[in-house]
Colleague: 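Below you will find the structure I want to go over with you.
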Amino acid sequence: MKPYDWKSAEPAARELWKNAGLYATNLDADNLLYILVMFPYPSGARLHVGHWFQYSVFDTFCRFKRMQGAEVFQPMGYDAFGLPAENYAIKTGVPPQQSTAENIAISDRQFHEMGALFDDGHKVTTCEPAYYRWNQYLFLKLYHAGLAYRAQAPVNWCPSCQTVLANEQVTSDGECERCDSAVIQKELVQWFFRITRYADRLLADMKELDWPEETLQMQRNWIGRSEGTEVDFAVPARYCAGGVERKLRVYTTRIDTIYGATFMVLAPEHPLVAQVTQAEQRAAVDAYVAATRRLTELDRTATQRDKTGVFTGAYARNPLTGEEVPIWIADYVLASYGHGAIMAVPAHDERDHAFALKFGLPIVEVIRDPDERGQECFTGPGIMMSSGAYSGLTTAAGKQALDAWLAAHGLGGAAVSYRLRDWLISRQRYWGTPIPIVHCPRCGEVPLGVDQLPLLLPEDVAFRPHGSSPLETSERFMNTECPRCGGAARRDPDTMDTFVCSSWYFLRYPCAQLSDRPFDEDVIRRVTPVDIYVGGKEHATMHLLYARFLMKALRDAGCDVPHEPFKRLIHQGMILGANSQKMSKSRGNTVDPDVFVQVHGADVFRFYMLFGFDFQAGGPWSDDGIRASAAFLARVQRLVESVEDLFAVPADSAAASDAPEDRAEISALLYVLHSGLQSATRDLERFHFNTAAARMMEITNELYKLMGDPARKARNAVSIRSAVEILMRMLSPFAPHFAEHLWRETGHASVLAREPWPVPDARCLARNTVAVAVQINGKLRGTVEVEAGANEEVVLAAARQQSNIARYLEAGAVAKVIHVPGKILNVIVR
RNA sequence: GCCGGAGUGGCGAAACAGGCAUACGCGCGUGACUCAAAAUCACGUGAGCUACAACUCGUGGGGGUUCGAGUCCCCCCUCCGGCACCA
């Protein structure tokens, strides 16, 4: 038997797989399983530990499913648009087209060397016109369905990336998700996708998803549905510019506190501010509005901030009490939520309370705390008081009554509000999908026709971002004709958020070669949704939410796509540095996989990724773990070498030769083998690769016990040989090149990666005798070996034979016996 | 503040469904092989008390349910993640 030389064995194994057709999928198969891993950004550096973890483990799962008989569709592609390539171009002058293509070539090769069986014929690269033209096509679909629109809104601006960002791409610290710079607010005209229209469907359809609860919860938080009331306060004509009475609509979740509303607060950006500000307050209001505009998102939403605000000089009339209350502006009220205005009830809202105290505004209690805790500001539900006819009602009853009254009087009523904002998809950057819209001085906003796609990304641009899109520097691109009137017009200079690319790429994979449509709906119906999707949980409220939204939106726009993209979702954990901190160059705790791969080969590294970590938890890196993985594979190699001769004999000739005198050892081996196989199979279904690997180690250890005695080995050739074969099969998804090598060297003509996953033999799982733990009064006092299926009397009798148990039994009378067959006997002695 | 997830040997971690806590691996110890070391192979390894057996304690802390709790219930602490001036 040849020793395992990974440098020659790994390419040889891949050659075998290629010839066996393992890199291609039959999408017409009945047993098709679409398993997908989030596609990577093609970064310049070689694969890092995180890539190895995610992609090799993913491939292991796919190989396991193939062996179990599924036709696995396991495609791969690149999320190739985006800032890194563009920033690299700014720094070096190398066009993103070029650097991206080079990076993809490197990554392709590395994934191949890892042993991954990605389907070559279904590759998707988002920065190619053959892909991004369909981004434009789908954009137009949404546009015509009224789901893509251009509007002026307060938006997040990253001063470092020089572009706007979607809400999802701003962290809760008010920083840019990409570069950590503080994000500021700007009022700009931008393109949006109408995701808010889908808020309720995104919530409702969660019940169909086999996703981690944590992730669904994050999406629920992000959508932030709340049930409340809209109510109109009137601003009398004498306060309003033009002398016309205005409506001030607010949203509240506590309409039952309306009798305690002692002032109103508008967001500084609220349109009514200009209309109602009185002359004597104008200077103060203008100054405050200007100051607010300068604040970053972070400053604005910091919870511990002192309340600030300015009186407008105007008043609004409470529709229930008829009283007039002052209208203030303050930055603690956000323009983007509800109606950008609130009724302030300082007695029952912490924020309003703080504001009222600071500015000396009246505080009127209208809710009685049923528990009489005597808090200064009671925010819980209670009993209404000083509330006219509603006094005495509970919070819940009061809300209902007031909602009804407001609706009946045309002053508002029950309403639902969401934290979710529409998805801002335009970016002032170069390396993305151009937006297929023309701005015509005569016709306005005009969409391109589908026959005019792709709208190619120009190459004659100045990259350096300067606050407007780089595309504007290409006159050839910008100047065009209006598709409607044929007159001179300008193109839209922005590009799409790269999350648009990743929101539907899984529909493109099965149809990657299709040139006249983004996807074939017949194929999509058969192949999608994705059965199992693997990726990081950092995408919970970005990619994973956008993709869900886009499926629903495309359906409404007339496309026959699944209404949910991913049935089952698995998140991988993160590999940390040896010091348990996140790996980073600045912390100096990064690990370069190549250092180990070049010494041990791909399979050792891959095996460590599988064995050393719980896939869903991750954990700290350890060099010892790599050594242990290398040692284990070498141990298996020595094991197989030592039984090589058993494979020289044809299988049936030795069929009945296992020796009866070794029955106990052999049945122990077969039990460890088949019970280990059974648990490993179950573990793999649940993505617990580490424990599955542990079962393989147990099987190996058990086999070693029999190896020492050549005579015994020869007498039990059949069982040992079958055990080693099963072990090789189990190892195949974990260390595929290595296992393939062993399979070859033991004389097998077939391709191991195409062999079936073994099935545990029930006969080997049945035990003749079992160890039953014996407890006295719940404390373990010994174990007895009894025949499997022995009843309570038999076990108890066996227990009495043991002096240590007997002395407890004799100490009193047996009051009760609990017997769980094969597990435990608990005797209660009094 | 609200919502998720987690806390188990010296270390990484197991425990399906309430039934022998610590599988598997690392590390450590002992032995074999070796002139020696490494590698390999075998055995041992939660703590306390012990000559051994036995016994006692032990899954973040405190209560509870149960014949029996890492696992279920209540309270609390710590860490990680999400949301948070969202009316």
Side-chain angles (χ1 to χ4, degrees), chain A residues 171-172 212-224 226 228-229 250-254 257 265 267 300-305 307 330-334 336-345 348-352 354-355 379 417-420 537-538 540-541 574 580 608 611-614 616-617 619-625 627-629 631-632 634-635 638 676 678-679 682-683 686 688 690-698 700-701 704-705 707-708 771-783 803-804 807 815-820 822-829:
Chain A
T171 67
S172 54
E213 179 52 37
E214 170 190 20
T215 307
L216 294 174
Q217 195 55 45
M218 273 193 231
Q219 291 202 347
R220 274 186 215 109
N221 281 345
W222 187 258
I223 293 168
S226 95
T229 304
V250 301
Y251 174 80
T252 176
T253 52
R254 290 300 301 275
T257 64
V265 186
R300 178 87 184 257
T301 57
T303 35
Q304 255 81 329
R305 260 175 82 226
K307 294 279 177 291
D331 63 9
Y332 81 91
V333 173
L334 306 175
S336 55
Y337 186 76
H339 297 284
I342 61 158
M343 63 173 210
V345 184
H348 304 293
D349 181 283
E350 299 277 4
R351 298 152 298 182
D352 300 345
F355 194 84
T379 58
S417 189
Y418 303 92
R419 215 190 70 89
L420 182 71
K537 64 180 117 185
E538 65 275 15
T541 56
M574 194 186 287
S580 295
Y608 172 54
F611 172 64
F613 307 88
D614 176 333
Q616 288 162 91
W621 171 268
S622 140
D623 286 358
D624 286 340
R627 289 219 323 276
S629 297
F632 172 67
R635 186 165 154 90
R638 285 189 298 275
Q678 188 175 48
S679 345
R682 198 188 56 221
D683 289 345
R686 299 184 305 154
H688 290 183
N690 53 342
T691 48
R695 300 291 86 82
M696 295 178 207
M697 292 175 171
E698 282 174 337
T700 305
N701 291 346
Y704 261 81
K705 289 184 190 166
M707 289 304 99
V772 174
V774 180
Q775 296 183 341
I776 307 295
N777 297 338
K779 277 192 190 295
L780 182 72
R781 298 300 177 189
T783 60
S803 55
N804 192 47
R807 72 192 172 95
K816 189 177 177 184
V817 179
I818 294 108
H819 180 228
V820 181
K823 294 236 153 119
I824 207 158
L825 181 80
N826 189 8
V827 187
I828 310 306
V829 177

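All figures in this text were calculated on a predicted structure; none of them were measured in a lab. To find a chain, count down the sequence lines: A is the first, B the second, and so on, and within it residues start at 1.
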Colleague: With heavy atoms under 4.0 Å as the rule, sort A:Lys537 into base, sugar-phosphate or nothing.
Modeller: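 Here A:Lys537 touches no strand at all.
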Colleague: Tell me, what's RNA chain B's dot-bracket, Watson-Crick or G-U with both distances under 3.5 Å, | for other-strand, [ ] crossing?
Modeller: (((((((..(((......[....)))((((((.......))))))(((......)))..(((((..]....))))))))))))....
Colleague: State, with a plain yes or no, whether a side-chain heavy atom of A:Thr257 is found less than 4.5 Å away from one of A:Met343.
Modeller: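 Touching, per the 4.5 Å side-chain cut-off.
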Colleague: Just one of A:Asn826, A:Val827, A:Leu825, A:Asn804 clears the side chain to side chain contact (heavy atoms under 4.5 Å, CB included) bar with A:Ile776, so which one?
Modeller: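 Filter result, single survivor: A:Val827.
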Colleague: From the list B:rA15, B:rC67, B:rC85, which nucleotide is the closest neighbour of the side chain of A:Tyr332?
Modeller: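 Of the options given, the side chain of A:Tyr332 lies nearest B:rC85.
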Colleague: Contact between A:Gln775 and A:Arg781 at the side-chain level, heavy atoms closer than 4.5 Å - yes or no?
Modeller: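 Sidechains of A:Arg781 and A:Gln775: no contact.
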Colleague: Categorize A:Gly612 for me: base, sugar-phosphate, or nothing, with a 4.0 angstrom heavy-atom threshold over every strand shown.
Modeller: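 A:Gly612: backbone/sugar contact only, no base atoms under 4.0 Å.
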Colleague: Using the C1' atom as the point on both nucleotides, what is the distance between B:rG58 and B:rC3, in whole Å?
Modeller: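 33 Å, rounded to whole Å.
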Colleague: Determine the interatomic distance between P on B:rA13 and the same-named atom on B:rG18; round to the nearest Å.
Modeller: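 24 Å, rounded to whole Å.
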Colleague: From the list B:rA54, B:rA87, B:rA15, which nucleotide is the closest neighbour of the side chain of A:Tyr251?
Modeller: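 Of all the options, the side chain of A:Tyr251 is nearest to B:rA87.
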Colleague: My understanding is that only residues two or more places apart in sequence, or in another chain, count here; which of them pass ring-ring contact (aromatic ring centres under 6.0 Å, His included) with A:Tyr418?
Modeller: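 Result, ring-ring contact (aromatic ring centres under 6.0 Å, His included) vs A:Tyr418: none returned.
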Colleague: Run through A:Glu214, A:Gln219, A:Glu213 and flag the one making a side chain to side chain contact (heavy atoms under 4.5 Å, CB included) with A:Gln217.
Modeller: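 Going through the options one by one, the only one that passes is A:Glu213.
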Colleague: Is the base of B:rG27 syn or anti, where syn means the angle lies within 90° of 0?
Modeller: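 In terms of base orientation relative to the sugar, B:rG27 is anti.
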Colleague: Are OP1 or OP2 of B:rC16 and a side-chain N or O of A:Ser679 less than 4.0 angstrom apart?
Modeller: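 For A:Ser679, the contact criterion (side-chain N or O under 4.0 Å from OP1 or OP2 of B:rC16) is not met.
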Colleague: Say you pick atom C1' in B:rA23 and the same atom in B:rC72; how far apart are they, in whole Å?
Modeller: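 Nearest-Å result for B:rA23 against B:rC72 at atom C1': 24 Å.
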Colleague: Any side-chain heavy-atom pair from A:Ile828 and A:Val817 closer than 4.5 angstrom?
Modeller: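 When only atoms from C-beta onward are counted, A:Val817 and A:Ile828 do not touch, as no gap falls below 4.5 Å.
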Colleague: Dump the intermediate steps for side-chain contact (heavy atoms from CB on, under 4.5 Å) on A:Phe611 and A:Met697, then the final yes or no.
Modeller: CA-CA 10 Å; A:Phe611 172 64; A:Met697 292 175 171; 3.5 Å; yes
Colleague: Can you tell me how far C1' of B:rU40 sits from CE of A:Met707, to the nearest Å?
Modeller: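 In whole Å, B:rU40 C1' lies 16 Å from A:Met707 CE.
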Colleague: Is the closest side-chain donor-acceptor distance between A:Tyr332 and A:Asp352 under 3.5 Å?
Modeller: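 Yes, because at least one side-chain N or O of A:Tyr332 sits under 3.5 Å from a partner of the opposite role on A:Asp352.
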Colleague: Taking the side chain as every heavy atom from C-beta outward, state whether A:Leu420 and A:Trp222 have any atom pair closer than 4.5 Å.
Modeller: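 Of all side-chain heavy-atom pairs linking A:Trp222 with A:Leu420, at least one is under 4.5 Å.
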Colleague: Using modelled atom types and a 3.5 Å cut-off, is there a donor and acceptor pairing between side-chain atoms of A:Asn777 and backbone atoms of A:Val829?
Modeller: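 Judged by distance alone, yes, a pair lies under 3.5 Å.
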Colleague: Using the C1' atom in both, what is the distance from B:rU71 to B:rC2, to the nearest Å?
Modeller: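 That atom pair is separated by 27 Å.
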Colleague: Choose from B:rC55, B:rA87, B:rC85 the nucleotide whose nearest atom is closest to any side-chain atom of A:Thr252.
Modeller: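 It is B:rA87.
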Colleague: Determine, step by step, whether A:Met707 and A:Arg638 satisfy the side-chain contact (heavy atoms from CB on, under 4.5 Å) criterion, reporting the C-alpha distance in whole Å, the side-chain angles of both residues, the deciding distance to 0.1 Å, and the verdict.
Modeller: CA-CA 11 Å; A:Met707 289 304 99; A:Arg638 285 189 298 275; over 6 Å; no
Colleague: Can you tell me how far C1' in B:rU56 sits from the matching atom in B:rG1, rounded to whole Å?
Modeller: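 Per the computed distance, 45 Å lies between those C1' atoms.
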Colleague: Counting the atoms with a prime plus P, OP1 and OP2 as sugar-phosphate, which does A:Arg638 contact under 4.0 Å by heavy atoms, base, sugar-phosphate, or nothing?
Modeller: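 Sugar-phosphate, backbone atoms only, no base.
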Colleague: Pick the C1' atom in B:rG48 and in B:rG63, then give their distance to the nearest Å.
Modeller: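 It works out to 26 Å between them.
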Colleague: At under 4.0 Å between heavy atoms, how does the protein contact nucleotides 18-29 of chain B? Give one character per nucleotide, 5' to 3', with B, S or -.
Modeller: -BB--BSSSS--
Colleague: Take atom CD1 of A:Ile342 and atom C1' of B:rC85, then tell me their distance rounded to the nearest Å.
Modeller: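 After rounding, the gap between these two atoms is 9 Å.
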Colleague: Starting at atom CZ of A:Phe613, determine the distance to atom C1' of B:rG12, rounded to an integer number of angstrom.
Modeller: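 From A:Phe613 CZ to B:rG12 C1': 9 Å.
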Colleague: By nearest nucleotide on RNA chain B, pick out whichever of A:Arg686 and A:Arg254 is the more 5' one.
Modeller: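 With A:Arg686 and A:Arg254 compared, the 5'-side residue is A:Arg686.
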Colleague: Below 4.0 angstrom from OP1 or OP2 of B:rC41, is there any side-chain N or O of A:Tyr704?
Modeller: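 Yes, within the criterion.
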Colleague: Can you tell me the distance, in whole Å, between the CE atom of A:Met343 and the C1' atom of B:rA87?
Modeller: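 Result: 9 Å.
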Colleague: Rounding to an integer number of Å, can you tell me how far A:Trp621 CH2 sits from B:rG12 P?
Modeller: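 Atom CH2 in A:Trp621 sits about 17 Å away from atom P in B:rG12.
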Colleague: Scan side-chain atoms only and decide if A:Arg635 and A:Asn701 contain a donor-acceptor pair under the 3.5 Å cut-off.
Modeller: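 Yes, A:Asn701 and A:Arg635 have a side-chain donor paired with an acceptor closer than 3.5 Å.
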Colleague: Between B:rG44 and B:rA53, how far is it from one P atom to the other, in whole Å?
Modeller: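 The same atom, P, in both gives a distance of 13 Å.
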Colleague: Report the C-alpha distance between A:Glu350 and A:Thr379 in whole Å, list the side-chain angles of each, state the deciding distance to 0.1 Å, and finish with yes or no for side-chain contact (heavy atoms from CB on, under 4.5 Å).
Modeller: CA-CA 7 Å; A:Glu350 299 277 4; A:Thr379 58; 4.1 Å; yes
Colleague: Taking N or O atoms only and anything under 3.5 Å, show me the protein contacts with nucleotides 6-8 of chain B, one pair per line.
Modeller:
none

Colleague: For A:Ser417, which contact category applies under a 4.0 Å heavy-atom criterion: base, sugar-phosphate, or nothing?
Modeller: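 No contact.
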Colleague: At under 4.0 Å, does any side-chain N or O of A:Arg781 touch on OP1 or OP2 of B:rC55?
Modeller: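 For A:Arg781, the contact criterion (side-chain N or O under 4.0 Å from OP1 or OP2 of B:rC55) is met.
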Colleague: How long is the line joining CG of A:Asp683 and C1' of B:rA13, in whole Å?
Modeller: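 So the two atoms are 13 Å apart, to the nearest Å.
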Colleague: Can you name the residues that form a ring-ring contact (aromatic ring centres under 6.0 Å, His included) with A:Tyr337, not counting sequence neighbours?
Modeller: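 Checked A:Tyr337 against ring-ring contact (aromatic ring centres under 6.0 Å, His included); zero matches.
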Colleague: Pick out the pairs of N or O atoms, protein on one side and nucleotides 2-4 of chain B on the other, that lie under 3.5 Å.
Modeller:
unit_1: B:rC3; atom_1: O2'; unit_2: A:Gln217; atom_2: NE2; d: 3.1

Colleague: In whole angstrom, what separates A:Tyr337's OH from B:rC83's P?
Modeller: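 Interatomic distance, OH of A:Tyr337 to P of B:rC83: 16 Å.
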Colleague: Measure the shortest side-chain to side-chain distance between A:Lys823 and A:Val772 over non-hydrogen atoms and say whether it is less than 4.5 angstrom.
Modeller: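 No; the side chains remain at least 4.5 Å from each other.
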Colleague: I'd like the C1' distance from B:rC77 over to B:rG62, given in whole Å.
Modeller: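 Taking atom C1' in both B:rG62 and B:rC77, they lie 10 Å apart.
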Colleague: Using side-chain heavy atoms (C-beta onward) and a distance below 4.5 Å, is A:Phe632 in contact with A:Met696?
Modeller: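 A:Phe632 reaches A:Met696 side chain to side chain.
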